[in-house]
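Below is one structure, written out as structure tokens; comments come after it.
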Amino acid sequence: MYALIDCNNFFVSCERAFNPALRHRPVVVLSNNDGCVISRSNEAKALGIKMAVPFFQIRELVEQHHVAVYSTNFTLYGDMSDRVMKTLSGLVPDIEIYSVDEAFLHLHGIEDVASYSNHIVRTVTRNTGISVSIGVAATKTLGKIANHFAKKYKAYNHVCVIDNEEKLVKALQKTDIGDVWGIGRRHAKMLEYHGVKTAYDLTQKSRSWIRSKMTVIGERTWLELRGIACIEKDELQAKKKQICTSRSFGQPITEYNTLLESIASLAALSVAKLRKQKSVTKAVYIFAHTNRFGEEAYKSSKVVPLSFYTSDTGEIVGYCRQALDSIYVPHLEYKRAGVVLIDIIPEEYALRDFFDEKDRDKQQRLNRVLDEINKKNGRDAIKLAIQGDGYSKNIRQEHLSKRYTTNFDEIIEIKV
DNA sequence: TCTGGGGTCCTAGGACCC
DNA sequence: TCTGGGGTCCTAGGACCC
């Protein structure tokens, strides 16, 4: 049996954990630049605030109903996520972290799955202040469906187990096709056109029909819904094959130097992620776009092949600078930029190149020290001079909460 | 005035090779 | 009359996830 455990309205729950006054109030958390809504409390959902809606479109509603608004605070959410995952690891040995707020648990050998799931829910909530829901079933896709029910119906009390044929059929019949994990908007529309309205309808179609309409990916979903597990463990846990860091700017960038500082900072973040997963790269892709909603949207990008595999910040930033020089157009208002590392392999596969004259060991030691200092003292404690102020002054964050759990100056104060 | 960010996989089609 | 065929690699675009 697989369990999918998932934090309820995760980012909002993180804000609430440190600010009890937010309980029972509508709360939303915004994306980078305070652009779109990315997390909503149940009260905010009840007001009709949709996921991913641009903030400026709901401004009136927010004022009218005194909705509490927060800018995204990834330092806080990342740390809270770690706490939840650590608690889970202590309860179930076999866990796959799927996203910042979700994990699959393998429940083999556990006799009373339902009561153990209840125990997990209580423990996580007590240890972290974050409430969670669990769905248990024969496959991961069915676990997702069970989790849906656990959240949707209060009577389940955060835990839903699908463990017999009767429950399975009922659950499939009650699940809209668009709510199935792996079926997006386009496929849902196509399937509805062909009379497939629920998850149950999908399981009644032939395997070859699904294959021809939705490729092997759809076929896999079909199998999973019929109780045949085929989403492997490695698939969810593998090292990243691409690492991307990109940002939209609240304040567009025109100056070359400002854009260079931003690109250098985005590159430094990407390379830090690369080192964290113990990999190296041999190609970098950079891009800079103007406003995609404007009339004359302009996109430029460049792939830069590197001479040797590396994970050195300075070296990669140097290549990015060259690439930027060749694509930068004066007077344009750049609204979004990013640095993507492509052609990534684990560092142990990168053989020493005979023609490579750099002292890679020394470089590696230097980067390791850099990472340690930044881990302890905050992301930009040490950075390259070329990064300057980065993109920080071009980003809007008007509703930022404190980094309660990771920064001593911002720790919560209790007055007695 | 305002419109997120970070990933994965699959397929089709072009370039190129023998 | 009759203009091969198969393989590989790369890229762009589509679809999906949270």
Heavy atoms only, 4.0 Å cut-off, all strands: where does A:Val216 land among base, sugar-phosphate and nothing? sugar-phosphate
Outermost contacting nts on DNA chain C, any atom under 4.0 Å from chain A heavy atoms, listed 5' then 3', are C:dA15 to C:dC18
Residue pair A:Arg211/A:Arg59 against DNA chain B: nearer the 5' end by closest nucleotide is A:Arg59
Sugar-phosphate only, base, or nothing, as touched by A:Ile183 at under 4.0 Å among non-hydrogen atoms: sugar-phosphate
| task | Tell me what A:Lys144 touches on the nucleic acid: a base, only sugar-phosphate, or nothing, going by heavy atoms under 4.0 Å. | result | sugar-phosphate
In short, ring pair (Phe, Tyr, Trp, His ring centres under 6.0 Å) pairs touching residues 300-339 of chain A with sequence neighbours left out are A:Tyr256-A:Tyr328
Comparing A:Pro54 with A:Lys273, nearest DNA chain B nucleotide closer to 5' gives the residue A:Pro54
Applying a 4.0 Å non-hydrogen cut-off, can you work out what A:Val180 is touching in the nucleic acid: base, sugar-phosphate, or nothing?
sugar-phosphate
| said: For A:His289 and A:Phe287: C-alpha separation, side-chain torsions, deciding distance, then whether ring pair (Phe, Tyr, Trp, His ring centres under 6.0 Å) applies. | reply: CA-CA 7 Å; A:His289 300 168; A:Phe287 64 84; 4.9 Å; yes
Tested for side chain to side chain contact (heavy atoms under 4.5 Å, CB included) against A:Ile5, the lone hit among A:Leu88, A:Ile95, A:Asn147 is A:Leu88
Practice item. Evaluate the ring planes of A:Tyr153 and A:Phe149, with Trp represented by its six-membered ring, and classify them as parallel (under 30°), tilted (30 to 60°) or perpendicular (over 60°). Key: parallel
Under a 3.5 Å limit on both distances, the Watson-Crick or wobble mate of C:dT8 is B:dA15
### Message
Do A:Asn367 and A:Asp312 pair up side chain to side chain, a donor and an acceptor below 3.5 Å, judged on atom types alone?
### Response
yes
Check: Across the strands shown, which category fits A:Glu102 at heavy-atom distances under 4.0 angstrom: base, sugar-phosphate, nothing?
Finding: sugar-phosphate
Query raised in the report: With a 4.0 Å cut-off on heavy atoms, is A:Asp34 in touch with a base, just the backbone sugar-phosphate, or nothing at all?
Result: nothing
Practice problem: May I ask you to check whether A:Phe104 and A:Tyr2 place their ring centers less than 6.0 Å from one another? | Solution: no
- Message: Using a heavy-atom cut-off of 4.0 Å across all strands, would you classify A:Asn33 as base, sugar-phosphate, or nothing?
- Response: nothing
